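Each remark here refers to the structure printed beneath this line.
On a predicted model such as this, the values are computed, not experimentally measured, just so you know. Every chain is numbered from 1, with letters handed out A, B, ... down the list of sequences.
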Protein chains: 2
Amino acid sequence: MTASRTARERVRAELTREIVEIARRQLATEGAGGLSLRAVAREMGMVSSAIYRYFPSRDDLLTTLIIDGYNALGEAVERADAAVPADDFPGRWAAVCHAVRDWALAHPHEYALLYGSPVPGYQAPQDTIGPRVRDLTVFGGILSAAQRAGALAPPTGPVEVDPALADEAEASLAALMPDVPGDALLRALSAWTSLYGWVSFEVFGQFKGAFADLRPAFDHSVKALGTMIGLTPSG
Amino acid sequence: MTASRTARERVRAELTREIVEIARRQLATEGAGGLSLRAVAREMGMVSSAIYRYFPSRDDLLTTLIIDGYNALGEAVERADAAVPADDFPGRWAAVCHAVRDWALAHPHEYALLYGSPVPGYQAPQDTIGPRVRDLTVFGGILSAAQRAGALAPPTGPVEVDPALADEAEASLAALMPDVPGDALLRALSAWTSLYGWVSFEVFGQFKGAFADLRPAFDHSVKALGTMIGLTPSG
DNA sequence: CAGAAAACGAGAGCACCGCTCTTGACGACT
DNA sequence: AGTCGTCAAGAGCGGTGCTCTCGTTTTCTG
């Protein structure tokens, strides 16, 4: 009645776990395109058709890998955020950024699966929308906390924001980052996409050979984005 | 002696062109993964092996598609930039950004081929490095012109820049955007990656359902990035 | 406890893919 | 006119995702 009641369910769960593990290893070495159900079956000593007892299609296996990837990235981001004092908002932002970059560089193929070209013909099921925003949720928490602590500076630049646009941003992001005014949300959205733009460029080789070490440039960019968002050190 | 001397060379060039055209159409509808030499051959009424007389492998066909894509994007960016008065630097920046976004939305699969996950096992040949930076070259031209016109504001934020990092940025980007100081280059690099981060998020469906119309939000972000770069309207 | 039902691994097979090799015909240059 | 290179065609190799069937084994049920 607890978990794994019958022997069959136990071995099924174990085999499912093993399939995913082998698939993740293949994904890490060959990339998403090189993930082959037949190869997984071969490595398990099974016949290829037996895999379909556990995953009805290659896309379903990819889906669990994607969900696992979002969770791994989200967990890394959560850990990095938790390691910084809660009222050091620029520090938390920088920690989150470096966590995303470090994880992406350590798992480039999984990152590509999450943020690269969509798999042709693949449609993300509803199960992915939870883990998908796990990192964004951390960022939203930082923003909301900064706003409540009075550590979110109002916009300084000469760019005025359309009130309707700010309202739409508030309505759309209220669940993830409550209490944050619309103009700050727009700046935050820009910074967030900038983070992933940088990481994608780096992981996908667009920066190839431009810098000897990209980390200092990334760190500088992160700090500049932090001030653009309006994050200030203390209340 | 000029072009297409013999009849054979003429028909060969024509068939090569037709293969590329069909391949690009398949790429646009099916995506990079669905590009099949056999399907191209079928559509041409040829047998599959005959294709290999023109392209020694699928990767070679992909390479020409990639080069064509970079050129198409670069040309769109160049046209957009040329349509704005040369001394309206924020306007030129915004025009370039919208050109990138518009082209990407109009050709999502080709954009994915250029800026999405790298094709597994595919190594970009040297032929691509020229067209690859065509858009960046336009951006560099805007920056250099703004700098020479005194329309590139010095950094205002409280983020100080490491001199060594600024020097490396100058050395690395001097060919593309001369005369621009290192700290401005770092800000520009951040803005550039931010642009592609946004476009990638939008094309790859990461923004799905967040906004009814993403264009105003993008435009706002572009303007904010323009001021972050330091671009000012006139000399 | 015995029988029905469900789950399982194995195997054959379908259609597709990239790519290679050989064959025979056609065109171009000497 | 003869030779040589280019070409389309066809067969074939090993690989893929996926489907179906067939015994076997395990689980559930009457």
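For A:Leu37, counting side-chain heavy atoms from C-beta on, the closest listed nucleotide (D:dC28, C:dA12, D:dG17) is D:dG17. Here the nucleotide nearest the side chain of A:Arg53, chosen from C:dC17, D:dA11, D:dC22, is D:dC22. Here C:dC19 is the nucleotide among D:dT19, C:dC19, C:dC8 with the atom lying nearest to any side-chain atom of B:Arg58.
For A:Tyr196 and A:Tyr115, the gap between ring centers is short of 6.0 Å. The six-membered or imidazole ring of B:Trp192 lies away from that of A:Phe201, with a centre-to-centre distance of 6.0 Å or more.
To the nearest angstrom, P of C:dC17 lies 17 Å from CG of B:Asp59. Rounded to whole Å, atom P of C:dA15 lies 13 Å from atom CZ of B:Arg42. As a whole-Å value, the separation of B:Glu9 CD from D:dC7 C1' is 14 Å.
Looking at A:Arg38, its side chain has no donor and acceptor atom pair within 3.5 Å of the base of D:dG15. Judged by atom type and distance alone, B:Ser48 does not reach the base of C:dG18 through any side-chain donor-acceptor pair under 3.5 Å. Counting distance only, with no hydrogens placed and no angle test, the side-chain atoms of A:Arg8 and the base atoms of D:dT27 include no donor-acceptor pair under 3.5 Å.
Using a 4.0 Å heavy-atom distance criterion, A:Phe55 is classed as making no nucleic acid contact.
With A:Trp103 as the fixed residue, the side chain to side chain contact (heavy atoms under 4.5 Å, CB included) test singles out one of A:Asp135, A:Val77, A:Leu73: A:Leu73.
A sub-4.0 Å separation between OP1 or OP2 of D:dT16 and a side-chain N or O of A:Ser36 is present. Within the 4.0 Å cut-off from OP1 or OP2 of C:dC8, not a single side-chain nitrogen or oxygen of A:Tyr52 is found. Look at A:Arg12 and you'll find a side-chain N or O under 4.0 angstrom from OP1 or OP2 of C:dC8.
Nearer to the 5' terminus of DNA chain C, by closest-nucleotide assignment, is the contact made by A:Leu15 (compared with the other of B:Leu35 and A:Leu15).
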